[in-house]
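For clarity, every value in this text was computed on a predicted model and none was experimentally measured. Chain identifiers are assigned alphabetically (A, B, ...) following the order of the sequence lines, protein sequences preceding nucleic acid strands; residue numbering begins at 1 within each chain.
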Amino acid sequence: MSEERRAANFIEEFIDEDLASGRYDHVRTRFPPEPNGFLHIGHAKALCIDFGIAEKYGGKCNLRFDDTNPTKEDAVFVENIQNDIEWLGFSWDELHFASDFFEKLYEIACGLIRKGVAYVDDQTSEEMRKNRGTLTRPGVNSPYRDRSVEENLDLFRRMRDGEFPDGSRVLRAKIDMASPNVLMRDPTLYRILRCHHHRTGDNWCIYPMYDFQHPLQDAIEGITHSLCSLEYEIHRPLYDWVVREAGFEHPPRQIEFARLNLTRTVMSKRHLRRFVEEGVVAGWDDPRMPTLAAMRRRGYSAAAVKDFLGRVGVAKADSTVDLALLEHCVREDLGGRAPRAMAVLRPLKVTLSNWPEGFVDEIAMENHPDHPEMGERTLHMGNVLYIDREDFMEEPPKKFFRLAPGREVRLKGAYIIRCEEVIHDENGEVAELVCSVDMDSRSGSEGRQPQGQGHAALVERAGRPPLRDAPL
RNA sequence: UGGGGCGUGGCCAAGCGGUAAGGCACGAGACUUUGACUCUCGCACUCGCAGGUUCGACCCCUGCCGCCCCAGCCA
């Protein structure tokens with residue numbers, strides 16, 4: 001680490017501090033998704049931070065699946081998540097699954113019970129909720145809070161052995177029911193849940209909660225900096241409590257940053273999942289989704305996505321980034337190297353009145369204006385073509401330089417045409433245009449540019465080739 | 001009315017006591033057979049508000065105001 005290197009954000013400042021103070025002599029981060037859906041652009045931000053920080057400090061980043069809630073998870077998601085990470089160009093050091101550590105976590109839980117800082121609670125979830133108090137009122141201790149270590153150990157073992165029905169008991173941390181931080185009011189560590197797990201099958205009927213599993217897993221993996229989003233800030237005291245009570249020597253340091261929000265974009269996995277399940281979209285990779293799979297399908301490159309995330313920055317203020325920035329990054333990336341194609345989104349029929357009968361011209365169209373090596377394609381032009389309705393106005397305002405009654409425009413790569421007649425349908429809508437074509441104005445020919453309006457017109461836009469190569 | 005965070009231009013975001021970076025968006029102009037791209041110029045006398053400390057504050061202190069998160073046997 002060079003001394004002159006300046007921290008690029010507050011996370012790096014913390015890490016620099018830790019390295020300078022000797023708290024750590026290396027950096028190891030982790031990206032910890034729950035395999036319950038596809039990764040979206042918001043996850044990509046966290047991913048870039050996790051992997052990016054490790055890379056910057058010459059450290060390592062692990063990929064870990066926090067698969068502790070089998071009711072929502074599936075193996076297809078773990079496979080897809082790995083694909084997405086690789087697509088972005090990141091390589092994880094170690095690959096872990098929380099489920100591979102269930103036995104270890106169980107042992108640690110027993111250790112907590114022996115220390116007298118965890119107990120089995122028989123209250124119903126309703127009773128627990130009621131006794132937890134409110135934001136402004138402290139909670140009250142569970143009547144089962146002072147069970148003996150032996151009884152707790154026995155009960156917890158029997159929970160694991162499947163002697164009790166789902167939801168009948170939980171293992172809780174014994175902290176402080178009067179804590180102003182509600183999360184510290186004896187949080188649940190384990191719950192009984194009979195559900196087939198995509199990796200451990202039916203081996204377990206008790207599953208650890210995030211607040212217990214996550215910090216321990218970080219500690220077990222030797223993570224130095226556990227980076228996560230702002231909503232976990234209030235979990236940090238509990239995170240530290242768990243790691244400390246479990247006796248880890250070098251506790252990881254949790255640092256929180258603001259998650260990504262984008263204008264006009266639904267980023268909640270809960271809603272995205274609903275869209276998929278209810279068929280609102282065709283799938284997780286439906287082009288309308290904010291998932292990496294969808295963006296890839298739309299032609300966004302990993303470089304563009306990472307460039308965007310880099311420009312967004314890392315901070316703690318809640319924010320909503322303008323979608324225009326993402327689009328700018330994608331255009332900038334694609335603009336210089338993507339082959340061009342023309343399309344008409346809202347077609348308006350144009351008939352050329354003086355086009356030679358039966359003549360079909362072959363128009364050579366460059367695939368990229370700045371890259372002749374990308375070659376060209378051939379479009380076929382006849383007496384009928386389609387332009388976008390946006391490129392015609394019957395009563396053009398001053399700054400409109402495209403087609404209008406009596407005006408000329410050049411069809412990109414082809415001829416100059418003049419609007420001679422506007423045909424309306426029964427509703428008075430413009431239905432078709434009759435234009436004359438200047439057969440001497442073929443692209444490449446000398447000189448003439450459309451006069452009067454001053455500019456050659458862009459008549460082609462996106463969907464369908466305006467110079468069609470097949471009858472529409 | 002509890003606790004934890006955050007407030008710099010339309011949207012992000014630098015700034016760490018010495019007199020407001022950068023990007024996106026937007027506006028004006030140049031160029032253009034993609035009105036794209038590119039290029040040039042413009043865009044916070046001011047940093048949520050009000051006091052205070054200081055020669056000097058966005059950066060320090062005090063008090064307000066606003067927004068976000070937390071009462072899952074989700075992560």
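Atom CD1 of A/Ile417 is separated from atom C1' of B/U33 by 13 Å (rounded to the nearest Å). For the pair A/Arg402 CZ and B/U33 P, the computed distance is 16 Å after rounding to whole Å. Rounded to an integer number of Å, the gap from A/Gln213 CD to B/C73 P is 16 Å. Residue A/Glu408 contributes atom CD, which lies 15 Å from atom P of B/U33 at whole-angstrom precision. Between the CZ atom of A/Phe14 and the C1' atom of B/C16 there is a distance of 13 Å, given to the nearest Å. The distance between atom CG of A/Asp176 and atom P of B/G3, rounded to the nearest whole Å, is 14 Å. Put simply, OH on A/Tyr144 is 17 Å from P on B/C73, counting in whole angstrom units. Regarding A/Met128, its CE atom lies at a distance of 10 Å from the P atom of B/C74, rounded to whole Å.
Phosphate contact (OP1/OP2 of B/A75, side-chain N/O of A/Arg191, threshold under 4.0 Å): present. Between A/Thr124 and B/C73, a side-chain N or O to OP1/OP2 separation shorter than 4.0 Å is absent.
Between the base of B/C16 and the side chain of A/Glu13 there is a donor-acceptor pair shorter than 3.5 Å.
Checked against the 6.0 Å centroid threshold, A/Tyr106 and A/Phe156 count as a close aromatic pair.
Residues A/Asn9 and A/Tyr190 both approach RNA chain B. Their nearest nucleotides, taken by heavy-atom distance, put A/Asn9 toward the 5′ side. Mapped onto RNA chain B by nearest heavy atom, A/Pro32 and A/Phe10 fall at different nucleotides, with A/Phe10 at the one closer to the 5' end.
Comparing B/A57 with B/C49, their P atoms are spaced 15 Å from each other, to the whole Å. The P atoms of B/A14 and B/G9 are separated by 13 Å, rounded to the nearest whole Å. Atom name P, nucleotides B/C6 and B/A13: the rounded distance is 13 Å, in whole Å. On the C1' atoms, B/G48 is 7 Å away from B/G66, given to the nearest whole Å. B/C68 and B/C12 are spaced 14 Å apart, taking the P atom of each and rounding to whole Å. Remark: the separation of the C1' atoms in B/C43 and B/G5 is 32 Å, to the nearest Å. B/G22 and B/C64 are spaced 33 Å apart, taking the C1' atom of each and rounding to whole Å. Of the P atoms belonging to B/G10 and B/U34, the separation is 35 Å, rounded to the nearest Å.
A donor and an acceptor atom, one from each side chain of A/Tyr207 and A/Asp67, are nowhere located under 3.5 Å apart. Defined by atom type and a distance below 3.5 Å, a donor-acceptor pair is missing between the side-chain atoms of A/Glu362 and A/Thr378.
Residues passing the ring pair (Phe, Tyr, Trp, His ring centres under 6.0 Å) test with A/His271: none are found, sequence neighbours excluded. Taking the side chain to side chain donor-acceptor pair (under 3.5 Å) definition, one finds that A/Gln254 meets it with A/Glu256, sequence neighbours left out.
Within 4.0 Å (heavy atoms only), A/Thr71 reaches no atom of the nucleic acid at all. Residue contacts for A/Glu126: at a heavy-atom cut-off of 4.0 Å it reaches no nucleic acid atom on any strand shown. Nucleic acid contact for A/Gly167: base, since at least one base atom lies under 4.0 Å from a heavy atom of the residue.
The pair A/Arg157-A/Glu151 does not count as a salt bridge, with every side-chain nitrogen at least 4.0 angstrom from each carboxylate oxygen. A salt bridge between A/Arg259 and A/Glu231 is present, with a side-chain N of the basic residue lying under 4.0 Å from a carboxylate O of the acidic one. The pair A/Arg389-A/Asp391 does not meet the salt-bridge criterion, since no charged nitrogen lies less than 4.0 angstrom from a carboxylate oxygen.
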Can you list the steps and then say if A/Glu103 with A/Arg160 is a salt bridge (Lys or Arg N to Asp or Glu O under 4.0 Å)?
-> CA-CA 11 Å; A/Glu103 191 62 47; A/Arg160 171 183 181 165; 2.7 Å; yes
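A perpendicular orientation is assigned to the rings of A/His197 and A/Phe102, their planes being inclined by more than 60° (bins at 30° and 60°). Aromatic ring pairs are classed by plane angle as parallel below 30°, tilted from 30° to 60° and perpendicular above 60°; the pair A/Trp284 and A/Phe38 is parallel. Ring planes of A/Phe14 and A/Phe10: perpendicular class, angle over 60° (limits at 30 and 60°).
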Tabulate protein N/O versus nucleotide N/O from nucleotides 68-72 of chain B, keeping only pairs under 3.5 Å, one per line.
from	atom 1	to	atom 2	distance (Å)
B/A71	O2'	A/Arg132	NE	3.0
B/G72	OP2	A/Arg132	NH2	3.1

Interface polar pairs with nucleotides 37-44 of chain B, N/O, under 3.5 angstrom:
none

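Distances from the side chain of A/Tyr210 to the nucleotides B/U34, B/A13, B/A75 place B/A75 closest. Closest approach to the A/Ser319 side chain among B/C12, B/C6, B/C73 is made by B/C12 (side chain taken as heavy atoms from C-beta onward). The side chain of A/Lys412 has B/U33 as its nearest neighbour among B/C73, B/U33, B/G7.
The stretch residues 303-314 of chain A touches RNA chain B through A/Arg311, A/Val312, A/Val314, each having a heavy atom within less than 4.0 Å of the strand.
Judged by distance alone, the side chain of A/Ser268 and the main-chain N or O of A/Arg270 form a donor-acceptor pair under 3.5 Å. Of the possible donor and acceptor atoms, one in the side chain of A/Arg194 sits under 3.5 Å from a partner among the backbone N and O of A/Gly162.
Atom CD of A/Glu395 sits in a sparse spot, with 12 or fewer heavy atoms from other residues, nucleotides or ligands closer than 6.0 Å.
Where RNA chain B pairs in unbroken runs of 3 or more (Watson-Crick or G-U, both distances under 3.5 Å), the stems are B:2-7 with B:65-70, B:10-12 with B:22-24, B:26-30 with B:38-42, B:48-52 with B:60-64.
For B/G18, the base is anti relative to its sugar; the glycosidic angle deviates from 0 by more than 90°.
When all heavy atoms are compared, the tightest approach of A/Ser99 to A/Arg199 is OG-CD, 3.6 Å.
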